[in-house]
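First the structure, in the form of structure tokens, and then the observations on it.
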Amino acid sequence: MFWQKTNDIASSVKEERLAMIKTIIEPFKIKMVEPLPILTSEQRKGFIRECDYNLFFLRSEWVTFDFLTDSGTSSMSAQQWAALMVGDESYAGSKSFYRLEKVVQDLTGFPHIIPVHQGRAAEYLLAKALLKPQQIVIANTHFDTTRANIEMAQATAIDLPIAAAKNSREWHPFKGNMDVEKLNHILSNRGKQVAFVIMTVTNNSVGGQPVSMENLKAVAQICRQHGKLLFIDCARFAENVWFIKTREPGYENRSTRSIAQEMFSLADGTWMSAKKDAFGNIGGFLAVKDAGLAQEIRQLMVVTEGFPTYGGLAGRDLESLAVGLEEVLEEDYLRYRIRSTAYLGEGLKQAGFTVVEPFGGHAIYIDALASIPHLPWYQFPGQSLSVAFYETVGVRSVEVGSIMLGKKDPQSGQQQPALKELLRLAIPRRVYTQSHIDYVIEGAHLVAQQIPALPGYRFIYEPPVLRHFTARFAPII
Ligand code: F0G
């Protein structure tokens, strides 16, 4: 299972075990099961036609492997379910809040902890508290909701990924890094306009790619020199920690917790969509150094999120997140998580697809333009591939290409392409087993055989914004 090729670090007992058995197993056993919908490809072809070829319209009971997102889709552990039962549902001063507060304080080192219902609520509050119109926010790459919240405050979001991030095939151990020269340049020339700087770990928008500690340190130093606040969007911080431990010299023997603590020590605050690396089905938090900023956010949040000791969540949610945040740093879990993602990537590559490399932490991205040579970008090769994966194997994935990120020019009515035509297969945490992944890989071989006959797609309904959610399509025959 998940054949091990890298030199993972392990305690002496584990080293002994690994020396004999190379397989990395799922480090959990199954206590509660949910049926997996099994359909025929004829049924699926009917459903997707009914949905006008938009996979967001599919009912989950029509999907066998749901790789739409890794957000809110984790399996909770027995410990998390047990924690739900002791949730304190008091409106104010809930014991469950103080439990989560302590866990987040110990992890991040920040004194002020504010729960929110999910990541984008934290982004909204931060933008509301810190941004004025015409200001600039700089990130390695903003996630879509972060950008939207910044733009709603009439400010501008600037992405500064490193050059290697633009090339699907270039191997760089930390492709999620920020271009520090460009950061320095902007801060030296337009520093007054810049409100704050964000590091997204891992960097979702460039393929779940990690950020190195070295890069984080360099960014923090430049921010300090220019007197700018640095925030970490830490939705997938533990996956980033594992990449630092296994790829960055000097971190091999450090505990995952101490690496995480070092990362947070470089920033002025952090926010988390706890629907990812806290194994939450809902939830998030903001954690900041500055008491004044915390006070302002606590005042603002009452209008939209609720009282600051529950932040739009039930007491039981706060409890399960506190447990999840501890579990996610377990080395056996992280070793398995990163290895199992790569296993899917290798399988898809062997099936003949061009995939973004190195593999990220939470998802595998297929380069659809390179994988389907006969389809131009304006016939949406990512969409074509996502429909083929659904019809053939029951996999739901998401196009991250010119449908999601392209634009229609309002003057000329011409479509404008995205930088890349990708298909994302995001892997829910602790949900699918290796035999599920083997099945998907076998199915991918069947999809690959169909490539010469795959049709392009055209819009039959094109909404003006966020069009991937509600667009309708027809195949070009
Ligand atoms: N930041 C990052 C890096 C994210 O990936 C997401 C969500 C958010 C913030 C927003 O958090 O959904 O809890 O409000 N990413 C999901 C995804 C939706 O599928 O990649 P949220």
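Whatever order the structure lists ligands and atoms in, that order sets their numbers, starting from 1.
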message = Using heavy-atom distances only, which candidate in Lys276, His362, Arg424 approaches atom 16 (C) of ligand 1 most closely?
response = Lys276

remark   = protein heavy-atom neighbour closest to atom 10 (C) of ligand 1 works out as Thr145 OG1, 3.5 Å

request  = Taking the six-membered ring of Tyr53 (Phe, Tyr or Trp), confirm whether the NZ or CZ of Arg472 is under 6.0 Å from its centre and within 45° of its axis.
outcome  = no

inquiry  = Is the contact between Arg120 and ligand 1 made by the side chain, the backbone, both, or neither, using heavy atoms and a 4.0 Å cut-off?
reply    = both

ask   = Is the gap between the ring centers of Phe28 and Tyr336 under 6.0 Å?
value = yes

inquiry  = Less than 3.5 Å apart, any donor N or O on the side chain of Glu421 or Gln383 sitting next to an acceptor on the other?
reply    = no

request  = Under 4.0 Å from a heavy atom of Lys275: give me the atoms of ligand 1 that qualify, with their elements.
outcome  = 13 (O)

ask   = Looking at Ala122 and Trp271, what are the two nearest heavy atoms and their distance?
value = CB-CB, 3.7 Å

query = Looking at Phe469 versus Phe56, is the centre-to-centre ring distance below 6.0 Å?
reply = yes

query = Would you call the rings of Tyr439 and Phe65 parallel, tilted or perpendicular, where under 30° means parallel and over 60° means perpendicular?
reply = tilted

ask   = When you look at Glu327 and Arg430, which way does the side-chain contact (heavy atoms from CB on, under 4.5 Å) test go after all the steps?
value = CA-CA 12 Å; Glu327 285 178 354; Arg430 307 192 292 208; 3.1 Å; yes

task = State whether the shortest distance between N or O atoms of Thr200 and N or O atoms of ligand 1 falls below 3.5 angstrom.
result = no

task = Could you say whether the N/O atoms of Thr69 and ligand 1 ever approach to under 3.5 Å?
result = yes

Ligand 1 atoms in contact with Gly119 (distance to a heavy atom under 4.0 Å) = 11 (O), 13 (O), 14 (O), 21 (P)

Distance flag, aromatic centroids of Tyr333 and Phe279, threshold under 6.0 Å = yes

note = For atom 8 (C) of ligand 1, the closest protein heavy atom turns out to be Phe143 CD2, 3.4 Å

task = Note the single closest protein heavy atom to atom 9 (C) of ligand 1, along with its residue, its atom name and the distance in Å.
result = Glu123 OE2, 3.2 Å

note = The closest protein heavy-atom partner of atom 13 (O) of ligand 1 is Ser273 OG, 2.7 Å

request  = From atom 21 (P) of ligand 1, work out which of Met272, Arg236, Gln118 has a heavy atom at the shortest distance.
outcome  = Gln118

task = Report the nearest protein non-hydrogen atom to atom 1 (N) of ligand 1: residue, atom name, distance rounded to 0.1 Å.
result = Asp233 OD2, 2.7 Å

